[in-house]
Amino acid sequence: MKTVHINRKINFENTLFFYLCNMHISAKELGLFLNGIVEGDASVEVTGPSKIEEGLEGTISFLAHPKYEQYAYTTKSSILLVSKDFKPEKPLNPTLIRVDNVYDSVAQLLDKFGGEIPQFAGVAEDIFIHEEASIGKNVSIGSFSVIEKGAIIGAGSKIYPQVYIGGNVILGENVKLYPGVKIFYNCKIGNNCTLHANVVIGSDGFGFAPLSDGSYNKIPQLGNVILEDNVEIGANTVVDRATMGSTIIHKGAKLDNLIQIAHNVEIGESTVIAAQAGIAGSSKIGKNALIGGQAGIVGHVELADGTRIQAQSGVNKSIKKASTALYGSPALDYNNYLRSYAVFRRLPELQQKINALEKRLAELTDNTEK
Amino acid sequence: MKTVHINRKINFENTLFFYLCNMHISAKELGLFLNGIVEGDASVEVTGPSKIEEGLEGTISFLAHPKYEQYAYTTKSSILLVSKDFKPEKPLNPTLIRVDNVYDSVAQLLDKFGGEIPQFAGVAEDIFIHEEASIGKNVSIGSFSVIEKGAIIGAGSKIYPQVYIGGNVILGENVKLYPGVKIFYNCKIGNNCTLHANVVIGSDGFGFAPLSDGSYNKIPQLGNVILEDNVEIGANTVVDRATMGSTIIHKGAKLDNLIQIAHNVEIGESTVIAAQAGIAGSSKIGKNALIGGQAGIVGHVELADGTRIQAQSGVNKSIKKASTALYGSPALDYNNYLRSYAVFRRLPELQQKINALEKRLAELTDNTEK
Amino acid sequence: MKTVHINRKINFENTLFFYLCNMHISAKELGLFLNGIVEGDASVEVTGPSKIEEGLEGTISFLAHPKYEQYAYTTKSSILLVSKDFKPEKPLNPTLIRVDNVYDSVAQLLDKFGGEIPQFAGVAEDIFIHEEASIGKNVSIGSFSVIEKGAIIGAGSKIYPQVYIGGNVILGENVKLYPGVKIFYNCKIGNNCTLHANVVIGSDGFGFAPLSDGSYNKIPQLGNVILEDNVEIGANTVVDRATMGSTIIHKGAKLDNLIQIAHNVEIGESTVIAAQAGIAGSSKIGKNALIGGQAGIVGHVELADGTRIQAQSGVNKSIKKASTALYGSPALDYNNYLRSYAVFRRLPELQQKINALEKRLAELTDNTEK
C-alpha cells in the first residue's frame, strides 16, 4: 500500500471543488424515505443540500434552530425539512417535509446520500508495530504510526497516520484514532470511541510536591486513563492519567476540542463538555451533565447528574442537587447570577441614587432639626 | 535528501548560541535604507538588534509601544528607531532614526538582515504521497508527511515534516504547513496561508442529536473548511469542518494559538483573534474585528465589522453596530462594563452606606413621628 | 530496532488490565522504609495502592488533602499514609503510618514499587537525523522523529516517536520529549526538562503591523525560546519564540496543559501555571508565582515574585508587591474581590432596599413638608 509517488504534473483546473452528494430524488420519495409528511409540490427534485440562509434552487435545506426561521421565508431551496410542529408565520416557497426530529432526518439523509468522504482502509508499510503488540481483524493503520509493546488493537479499529499508541494500551473494537493522536502506556479505550486529531490521552497529571527551598519534586503519575464505550473526544483535547487509579470517562460522554481533563477526574455517562472547558484534578461530574465552553471546575468537587454549567463559569464547590444550573465565576445559581448581573449593569445609576438619597436625607435631617 | 545519520561525536562547545544578524551598518546608511531622519551621531555603527530594555552598545533597538518609552532614556543601544512623532521628554543617548511606521521599518530591517533561519527545501524520501495526488512546482515536503488521494498542492508550498493532508484537500500556492499540521478531506487552503505546528483544520464539528434515553447520536459532519488567501493560524488551533457547507475564514484573517473555531463559523477579512478565544457554531464575525484572548462567542450570532471584544469577555448576542467595543461575561458595552465594574469594586462600601441610610431614616422616622 | 511486524493473532483474553505494583510489604517494614511512625497493627501487609475513597483490603491509601479526610473513617484500605499532624476525629480501621510529608512518601513508594512503566530506549531506524546534527551519549530516539541540521542533543535525552527538532536547537542532558513535540530552530532546552505530547516550542509570536487598508503585514519573529533546567511543560502547551531576543522560562518552572505563552514572555524560577492559562506578549512573571487555570495576563506587565492569581482571573496591570493574591476580571486584590462578590450576590436585594428607601424618604418628605 506504500505509494511514495511524486506526481509532478500540475492540475489546477480542478481547484474549485464541490462536495457532491449522490442525490437525485423528489420530495415525494424523500417523504417516504424519511417517514415524513410532504406539503407543497411533491414532484420537485433536489440534487444536494444547501444551508437555509444560502439556499439554492434544486437543493434541500433544513430548519432545526428557531433563529433560522427568518430564512425559511426567503430561501431559494426547493425543499425544506422542518419539524412536525413548525407553524410558518408567513407564506413560504419551498416544499416542506415535516418530520419528527429534523436532526435525525438529516443524519438519515447524510447516511444515505453522503458520498465523497475518502475512505481509509488497509495497513501501511511505513509503520512501527512492536512484535509483541496484538492487532485485531480488519484493523487499518496509516503511515508513520507507532504501536508499542503489549498494545492490543480491537477488530475494525482505524488508526490514521502519525498516531502513537504506547505500551500495553488496550483499544476496543471499531475505535477511530485520527492523525496525531497520542495514547500513553496502560490506558484503555472502549469500543466505538472516536478521538480526533492530536488528542492526548494519558499524559502525566500535574502533580508536584513543594520543597522547602521553593522548588518542586515531581510526583510520579502511575495511574491510567479509561475511556468507556462510545466516547468521542475533540481535536487537541488532553486527558491526563491518574496519579494512582484511573481518570475515567464513562460511556457515551462527548468532549469537544481543546479541553483539559486533569488527573483522577471522572466524567459521567452521556455528559457533554464544550470546547476549551477545563476540569481540575479529582473532580467527579455526574451523568448527563452539560458543561459550557471555557467553563472551569476546581479540583476535588462533585457535580450531581444533569448539572448544567453556563459557558465561562467557574465552579468552586460541589453541587448535590441534580440538574442545577450554574453561571458566573465563582458560579452561582443560574437565575440568581442573571438577576445580580441585571443590577450590576445599572450599578452606576444605583450609586447615583444612593448619593441622592444621602443628600436628601441630610437636607431633611437639617430641616427636621431646625 | 534522506540522511539518517547518527553523528555520535558530542559537540557541546557550541551550546551557547547567538542569533546572528548579517548586519554591519551606520546610522546614516540605515536612515537612507529606511527613508528616515537621523538625529544625533550619524556615523555610529551597529551589528545587530537588541531589545530596548536590554540594549547593548553597538546594537539597534526600536520603540513602538509607549510603555517602553521609559527605557529610551536609559538604554545603551547605539541607535533607536522611533516614530516621526516621538517627542522625548528627557535627553537620550542613542542616535535616533525617525520613520513613518516603526513596525514597518523593523520588518524591512529583518527582511534585509535577518539571517540564520534554517531554510527548508526539497522533497524528503520518507514520505507518503498517494499516486493520485498532484504536487505543484517547487513544493517542499518534509519527512513523515502524508498526502492522501486527490490532494492538490500549489506551487511553492512548504510542507514541513509530520504533516497530514487528507483526501481532495486543495492547497494554494506558497502555503506553509509547519510540523504536525493536520488537514482533513475536502478542505481548501488559499494562497500564502501559514499554519503553525499542530494546527487542525477540518476536524468534525461538535454535533450530536439527543436520544430519548439521554444518550447521543453523532450528526455526520460533511461540510468542509475554506481558508482564503493570506490567512495565518497559530499553533494548536482547531478549525472544525461545517456540518453542511463550509466553515470560512476570509482573506487576511490572523488567528493566534489554541483557538477554537466551531463548525459553520465565518470569520471576516483581516479580523484578528488572540490566543485561546473560542467561537461557537454558526456565528459570523465581520471584517477587521479584534477579538481578545480567552474571549468566547456563543453560537448563531453575528458581529458587525470592526467589533472589538476585550479579553475574557463572553458575547451572547448579535452586534449590529460597526466598531462596537464589548467587555464582560455576558459582554456589555465596553465603557458601561468599566463603569459598572468601578462601582463593583466599592460594593462593600455601598452596602454600608445603604445600611447607614436605613438606620438614619429609621431614626428620622421615629423622631418625626414623635 | 525497527520491528514492523503485524501480529495478526488476536489476543483479547488479556483485555482486563491491572496496574501491578511490585509490592508485598508489611506496615512495620513500610514504617522503617518511610521513616514514619506506625499506629495500629504493624503486621498487616499490602500488595498495592488504592485511592482512599475506593480503598480495598490489602492495599495502602494516602490522605494528603483535608477534603478526603471523610473517607479515612470509611475506607477499607489496610494501611493509611497520613501526616504527622493528622488528628482523627473518629476511630478508624486502617493501620496508620505517620510521615513528615505525605506527598514525598508517596513519591518514595512509587519510586521503589512502581513497576510496569514501559521503558523507552534505543535509537529507531526509521528516523531522520541530519548529518550535521550532534547526538550525545545514551540518547534514545523513537520512530518517525526528525532532527534537523545543527541540532545538538545532550546525553541521556529521550526523544519519543514523531518529535520534530528544528535547525540549531540545543537540548540539554536528560531531556524528555514525548511524542509529537515540535521545537523550532534556534531554541534551547535546559537539562532535565520534560515536554509532554504535542507541546510546541518556538512557533512564531503573534505580531502583525496594520496597514492603511486594514490588512496586516507579518512582523518577522526572529528570536528564540530558552527553557532553563528542570522545566516541565504539559501536553499541547505552546511557547512562542520572541520577536527579537528570547522568550524565557526559568529553572524549575512547571506548566500544565494547553497553556499559551506569547513572544518575549519571561516566567520566573519555580513558578507554577495551571492548565489553559495564557500570558500575552512581553509580560514578566516573578519567581514562585502561582497562576490558576484559565487565568489570563495582558501583555507588557510585570508580576512580582510569589504573585498568586486565582483561576479565570484577568490581570491587566503590573503588581509590584510580592505575594499579592488576585481575583476577578479585571483582577482585584483577592479578598476585595470576594467581598465585592459577596455583595454582588445580594444585588437584587440591595436594589429593593434602595427602592424602599426612596419610597420612605419621599413619604417622609411629604409628611415633613405638610
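Every chain is numbered from 1, with letters handed out A, B, ... down the list of sequences. Worth knowing before you read on, the calculation uses all heavy atoms, side chains too, and leaves out hydrogens, waters and symmetry mates.
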TODO: Considering only heavy atoms and a distance below 4.5 Å, find which of Ser270(A), Gly180(A), Ala274(A), Ala253(A) pairs most often with chain B.
DONE: Ser270(A)
Open item on the list: Would you say the rings of Tyr164(B) and Phe144(B) are close, in the sense that their centroids are separated by under 6.0 Å?
Closed with: no
Open item on the list: Would you compute the distance between atom CD1 of Ile259(A) and atom CD1 of Ile273(A) and round it to the nearest 0.5 angstrom?
Closed with: 5.5 Å
- [ ] Only one of Arg346(B), Arg339(B), Lys353(B) passes side-chain hydrogen bond (donor to acceptor under 3.5 Å, both in side chains) with Gln351(A); say which it is.
- [x] Arg346(B)
Task: Portion of Lys149(B) that has a non-hydrogen atom of chain A nearer than 4.5 angstrom - done: neither
TODO: Using a cut-off of under 4.5 Å on heavy-atom pairs, state which of Leu255(A), Asp104(A), Asn230(A), Leu338(A) scores highest against chain B.
DONE: Leu255(A)
Task: Engaged part of Phe208(B) at the chain A interface, taking heavy atoms whose separation is under 4.5 Å - done: side chain
TODO: Could you look at Ala277(B) and say if it's the side chain, the backbone, both or neither that has a heavy atom under 4.5 Å from chain A?
DONE: backbone
Task: Part of Glu148(B) within contact of chain A (heavy atom distance under 4.5 Å) - done: side chain
Task: Structural part of Pro161(A) lying under 4.5 Å from a heavy atom of chain B - done: side chain
Task: Parallel, tilted or perpendicular, as decided by the 30° and 60° cut-offs, for the rings of His130(B) and Phe128(B) - done: perpendicular
Open item on the list: So for Phe344(A), is it side chain, backbone, both, or neither that comes closer than 4.5 Å to the heavy atoms of chain B?
Closed with: both
TODO: Give, as side chain, backbone, both or neither, the part of Phe184(B) having an atom under 4.5 angstrom from any heavy atom of chain A.
DONE: side chain
Task: Per-residue contact mode, Ser318(B) against chain A (heavy atom under 4.5 angstrom) - done: neither
Open item on the list: Suppose we screen for ring-ring contact (aromatic ring centres under 6.0 Å, His included). Which residues come up paired with His263(B), at least two apart in sequence or across chains?
Closed with: none
Task: Contact origin within Leu350(A) toward chain B - heavy atom pairs under 4.5 Å - done: neither
Task: Pick from Asn236(A), Asp256(A), Asn288(A) with the largest number of heavy-atom pairs that fall under 4.5 Å of chain B - done: Asp256(A)
- [ ] Between chain A and each of Asp333(B), Asn316(B), Val200(B), Ile147(B), count heavy-atom pairs under 4.5 Å; write down the option with the most.
- [x] Val200(B)
Open item on the list: So for Ile354(B), is it side chain, backbone, both, or neither that comes closer than 4.5 Å to the heavy atoms of chain A?
Closed with: side chain
Task: Portion of Lys254(A) that has a non-hydrogen atom of chain B nearer than 4.5 angstrom - done: both
Task: Most contacts with chain A, counted as non-hydrogen pairs under 4.5 angstrom, among Leu258(B), Leu211(B), Asn217(B) - done: Leu258(B)
TODO: Would you please classify the geometry between the Tyr327(A) ring and the Tyr334(A) ring as parallel, tilted or perpendicular, with 30° and 60° separating the classes?
DONE: parallel
TODO: Decide yes or no for Ile183(B) and Val225(B): does some side-chain heavy atom of the first lie under 4.5 Å from some side-chain heavy atom of the second?
DONE: no
Task: Aromatic plane relationship, Tyr68(A) with Tyr71(A) - under 30° parallel, 30 to 60° tilted, over 60° perpendicular - done: tilted
Task: Interatomic distance, Gln294(A) atom CD to Gln312(A) atom CD [nearest 0.5 angstrom] - done: 5.0 Å
Task: Residue part contacting chain A, namely of Val163(B), when any heavy atom lies under 4.5 Å - done: backbone
- [ ] Please flag which part of Asn355(A) lies under 4.5 Å from any non-hydrogen atom of chain B: side chain, backbone, both or neither.
- [x] side chain
TODO: Given salt bridge (Lys or Arg N to Asp or Glu O under 4.0 Å), test Glu228(A) with Lys251(A) step by step and report yes or no.
DONE: CA-CA 5 Å; Glu228(A) 294 184 352; Lys251(A) 68 177 180 179; over 6 Å; no
- [ ] Calculate, to the nearest 0.5 Å, the distance between atoms CD1 and CG belonging to Ile159(A) and Leu177(A) respectively.
- [x] 5.5 Å
Task: Proximity breakdown for Asn198(A) and chain B, heavy-atom pairs closer than 4.5 Å - done: side chain
Open item on the list: Can a donor-acceptor pair be found, under 3.5 Å and without considering hydrogens, that links the side chain of Thr194(A) to the backbone of Glu232(A)?
Closed with: no
Task: Interatomic distance, Thr59(A) atom OG1 to Ile52(A) atom CD1 [nearest 0.5 angstrom] - done: 10.5 Å
TODO: Quick one: which of Gly328(B), Ser203(B), Gly314(B) has the most heavy-atom pairs under 4.5 Å with chain A, could you say?
DONE: Gly314(B)
Task: Contact class of Asp240(B) relative to chain A, heavy atoms under 4.5 angstrom - done: side chain
TODO: Please look at Glu269(A) and chain B and tell me whether the side chain, the backbone, both or neither of the residue comes under 4.5 angstrom of a heavy atom of that chain.
DONE: neither
Open item on the list: With heavy-atom distances below 4.5 Å as the criterion, would you say the side chains of Arg241(B) and Asp204(B) are in contact?
Closed with: yes
TODO: May I ask you to name which of Leu357(B), Asn336(B), Val146(B) has the most heavy-atom pairs under 4.5 Å with chain A?
DONE: Leu357(B)
- [ ] State the CG-CG distance between Leu195(B) and Leu171(B), to the nearest 0.5 angstrom.
- [x] 8.5 Å
Task: Ser282(B) portion near chain A, given a 4.5 angstrom heavy-atom threshold - done: both
TODO: Heavy atoms only, distances under 4.5 angstrom: which of Gly278(B), Ala209(B), Ala242(B), Gly205(B) has the most pairs with chain A? Name it, please.
DONE: Gly278(B)
Open item on the list: Testing Ile189(B), Val175(B), Asn191(B) one by one against Asp229(B) for a side-chain contact (heavy atoms from CB on, under 4.5 Å), which residue passes?
Closed with: Asn191(B)
Task: Residue part contacting chain B, namely of Glu358(A), when any heavy atom lies under 4.5 Å - done: both
Open item on the list: Please rank Lys67(A), Gln276(A), Lys287(A), Arg345(A) by heavy-atom pairs under 4.5 Å with chain B and give me the top one.
Closed with: Gln276(A)
